[in-house]
Each structure stands twice: as C-alpha cells, then as structure tokens.
Amino acid sequence: MLKKYNIGKIVKFSYNISKKFFYLSIMNALIETTLMYINLFYGAEILDNLAEKKNFNDITTLVSMMIIFNLILTLCRALIGKVKNISGKLMDYKLKEMVGMKTTTLKYDYIESNEVREMLVSANKGVQTSGGIQFLSEDFSMLLKEIVTLVYSFILCVQLFYKHKANISGFLEKIMNSSWSIVIIFGSIGILIYLTFRNTKKLSRILDKAFQDNVKNNTLFSYYTDFMNEYKFGKDIRLFQLGKLIDKRLLECDKNIEMNQRKQVKATLINSYINRVYEFFVEIIIYAFIGFKAFLGIITLGELTLYIGAFKNGINAVMNITRLYAWIPIKCQYMSYFVKYIEKGDELIQKDEGKSIEKIKNIEFRHVFFKYPNSEEYTLKDVSFKINENNIVTIVGTNGAGKSTIVKLICGLYETTKGEILINGININQLNVRRYLDHIATLFQDFELFAYSIEENITFGKTETGLKSDEVFKALKIDKIIDKFPDRESTIISSDISQGVELSGGEKQKIALGRAMYKNSSMLIMDEPTSALDPIAEDELLSDIVNIAHNKKTILYVSHRLSSCKKSDKILVMNKGELVEVGNHEELMQLKREYYRLWSTQAQYYI
C-alpha cells in the first residue's frame, strides 16, 4: 500500500533518474503560466487605452510588446517541449535498462520465485503506464504551475482591495471598500479549498482501492496479450485452437478492468460535479464583487477583465491542485513497484566477491541435500560423488530423479540445503560466483538464440578464447548450415527481423552447442542438449564433442538417452533424488540394477 511507502522518497528517486527532464518540465510550466498572465496584463492595458482613446503609438507599442513576448515564450515552450520529448524517451530506455540490470544481478533462486516474477511485471508496468516517471513529473510540473498561478493571482487580486476611489458614493460604495468585503472574498475561497480537499480525499481512497484491484487484472491481461503475439506459441494456439480460451480469459480481465474503470469514472464525475457546485457559488460572489467595483467606477474596464481573469485562474488552480492531490499518490503507487524492485536488499544480489580459481580441477558433492524454495520435499537426498579433471561424466535417471538439480547446484544457481559442494577443495559458497562461472560453458534444453548473426550467437563478440569460430563451424558441421545462406555466418537468426531466418530445432541446437564449445572454459555442462536430434545425429555430434574436448575439458552430460554413456568415464545413476549407482557402462551393466533396467528398456526399441 502507498501508506507504507514514502511519496517524498519516490519523488526524490524519480528526480535523481532524470534531473534534466524535471527541470525542463518546471521551465515549461513557468513559461505557460507567465504567458497566460502576460496576455491578461497586456490585454487589460490595451483595452483601457482603447476606451480612453489614448495615443495610437502607445497602443501599438503595447500590442507589439504583447506579440514579442508571446513569440519569444511560445518559441521557448516549443523548443523545451522537443528537448523534453527526447529526454523522456531516453529516460524510458534508462528505466528499462535499470530493471534489466537489476534482474541480472539478483540470485537465480530469487528471480525464479513467483513473488519476484510478479514484482518484476509490476516494476515494468510501473514505468510504462500512467504511473511512469514522465507522467509523474508532468503532474509535479503542473502542480508547480498551479502554485505559481495562485501566487500571480494573489499578487494581482490584492491590488483590487486597495482601490477605493469611486465615481458613485453611497451604501454600495461603503460595502465594496469595507474590510468585510475582504473577509467575505477570502473566506469563501477558504471554504472552497476546505470543501474540495475534503471531497477529493474521499476520491483518493476510492482510486487507491481501484488501483489495488486493477494490478492483478492488468498483469493477467498483459500476459494473455503477450502470449497471443509470441511467435513460438503460434503453433500451439492454432493446433489446439486456444483462441477461444484465451479470448474468454481476456474478456474476464476486460470485465474486471471495466468494472474498476466505471467505479473510478463514477467517483471522479461525482467529485467533479460537487466541486463545480462549490466553485460556482464562490465565482458568483467574486464576480459580483468585481462587477460592482467596475459599476462604481473604482476599477476600469481593462482592470475588470484583468481581475476576473486572475480570480478565475486562481480558482482553477485551486481545483487542479485538489485533483492532483488525488492522482499524484496513485501514480506514486505505480512508481513504488519500480522503486521497491530496484532497491531490493544486498542479500539478494549476486555479489562480485570471493575466492578465484584458475580452472576447475575437480568437483565433489559431500552428503548434499536440497529442496526448492517453498517446497517440503527434498529433490536431492544425501548425494555424494566426485568428478575429476578432463573426465566425461553422464548423469542418467527417470524424470524427477534430480539430474537437472545437480547441474543447477554445480552452476551456483542454488545453494545446498544441507551438505557441501567443493570446487578444487573449496566450498562453492566461498568462491566468486562470476569468476567461477567463467570456467563453465553450458547448454540447456531450453537454450535461447538471440536476434544476432550466427557468428555473434556463437562468439558473443569474444575473440580471445583459444578457439577460432571457423574451427567450431567445421568441427560441429555448422558450416553446412551457413552455406545455405548468402550472408553465411553474418545471417541474422530471427524471423522477426528483415532478412533474418528461422532455423530448424536441430540447427539451433548445433549453434547453441557451438557457443558452449567456443567459450574458453575448463568444464562443459550439457543438460538434454540433443533432444531435437535423431539418435544417429546425436551420436555423431557427441563424437565430435569428445574429439574437440578430449583432454581439454571436463564434460558433464545429462540425458534420457543412454547411448552417450558408452563414451563416459563415469556414470551417475539417479533415482528419486538419490544416487543409487556409480561406475562406467560395463561395470553398471554387470550389476544388473537400475542402470541395466534403463538401458534394457531403451535398447528394446532399437532392436
């Protein structure tokens, strides 16, 4: 809730992100207010000069001055508007970059939680919707504009009460020049301010509740619309005819959002009508007072227009300030999600500190137990093993056996619940995680290729890895893929970009594997990397990997297919979170236990 978050802190945070944008907004507000009162002042002077039939040159001078000031201030406003627009776009990019950079520094187990993923969505919405910094700074600049308007109006209107000389004397003249007239005017304005603020405070509570109700609906709506527009879901949407189901969910979100919007509109309209009634009665009192002053000859015709304009602008300023009083907290509420996410505690950040190692010589699990956050069941139970340098190790087992969890622990994505993991005899928690990961190249089943060229997807711009890109192309037969395209290795991998291409699943896996092989690491981890390949292609690819990495890298391989096991120095057999067997292919086949059962089950489909 907003009550728990300091508005001043949010404003200060927003200001520090883009001081330039805030200053430009303030300058723009001051120019608009000044322009409004220059027109009022010069308009009144010109009208009085015309009424008194003064010298034509004097009138021309006033008109010229009015035009010059308007021209200068209008040009300044246009220039500031252009610069502010560019500054606003740059600020948007900066905010998105801040969210992205924050996400990359958080610990993996933290960003994988539903709570934080929802917070991330809210943080992005907080800077992209009507609660973004641009809109917030616009509101604060408008608030400043209205405050300046009130000051200008007050300075002008105070002069009205010092004008006493009347052309007509009598009871009315005494009332207009009495101190009671001041009490009545400013008293009515004070009552207007009190009533509108009280009324708007009720509106603010309604809007705050509506905002809270809309957060979930907006998140769901964004998810469904993004899902419909995502290319990779296109086949499932069409083949399973998900359009009607998605449309049903969108209609539910629309209905809930519409209900909230109606509540907001109804509350806002009622608030506006009530405030307008208050404003109407105050305007009658003020206009009557100024009108009688003009009737008595206390003020001129030009001054009549000046004071009416000044009072009208002042009253509008009061009404706008009360409106901002309701809306600024709501927009700060949007921004609070962004600020909270950016200011997440240091204990959640992946720190760049700890011990460094030259290479991974061995990995040892000692009585490791692990369960995922918010889970009661252990995924790994008392697992102990050791992987030596330049060994080829395969982890096998049925679904849910804990194979991928071991990989995540080795990569430092999670910490053990009990037990310890030693890297070269050092507890993994004592290592500098970022430096440690430099020694690991990975290829997961759910890998991602980016909208870069084929070569850039493999090298990521790094050239000093001890292995040339063309060597990887040839060893993994990627050169056969690039030969199909006129731009060869410069071909962009994305059907969303002009002249980009869409590759097959097998081709993508080869490129992702090429990326892992190109990295100058001492360990290669592959988790179900060949799921899109047929058994023959898988065997050929694994042979190529072994030939390239022989005596150069430690290889850890996770797969449901057991054909790779014959090439392994050691096989770890997992079952329901426990390490039940360790050995090479021949040793485990002789035991005729879990590994033998898995091998025999698969072999019958190939015989």
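The chain is numbered in sequence order, starting from 1.
Taken to the nearest 0.5 Å, the CG atom of L195 stands 11.0 Å off from the OG1 atom of T322. Atoms OH and OH, from Y194 and Y278 in turn, are 9.5 Å apart once rounded to the nearest 0.5 Å.
Taking the six-membered ring for Trp and thresholds of 30 and 60 degrees, F69 and Y42 have ring planes inclined between 30 and 60 degrees apart.
At a threshold of 4.0 Å, the pair E279-R276 counts as salt-bridged, since one of the basic side-chain nitrogens sits closer than that to a carboxylate oxygen. Remark: E303 does not engage K293 in a salt bridge, criterion side-chain N to carboxylate O under 4.0 Å.
Under the ring pair (Phe, Tyr, Trp, His ring centres under 6.0 Å) criterion, F154 pairs with no residue, sequence neighbours left out.
One N or O on the side chain of S188 and one on the backbone of I185 form a donor-acceptor pair closer than 3.5 Å. With hydrogens and angles disregarded, a donor-acceptor distance shorter than 3.5 Å links the side chain of N313 to the backbone of G309. A donor-acceptor pair under 3.5 Å is absent between the side-chain atoms of N85 and the main chain of G81, judged by distance alone.
Evaluated for a side-chain contact (heavy atoms from CB on, under 4.5 Å) with L73, the options L30, L35, I68 yield exactly one hit, L35. The side-chain contact (heavy atoms from CB on, under 4.5 Å) with V282 is formed by just one residue from the set I285, I286, I284; it is I286.
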Could you go step by step and tell me if S153 and Y37 meet the side-chain hydrogen bond (donor to acceptor under 3.5 Å, both in side chains) rule?
-> CA-CA 9 Å; S153 295; Y37 279 93; 2.3 Å; yes
D48 and T300: CA distance, side-chain angles, deciding distance, side-chain hydrogen bond (donor to acceptor under 3.5 Å, both in side chains) verdict = CA-CA 7 Å; D48 279 344; T300 65; 2.7 Å; yes
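Neither side chain, D58 nor N49, offers a donor N or O lying under 3.5 Å from an acceptor on the other.
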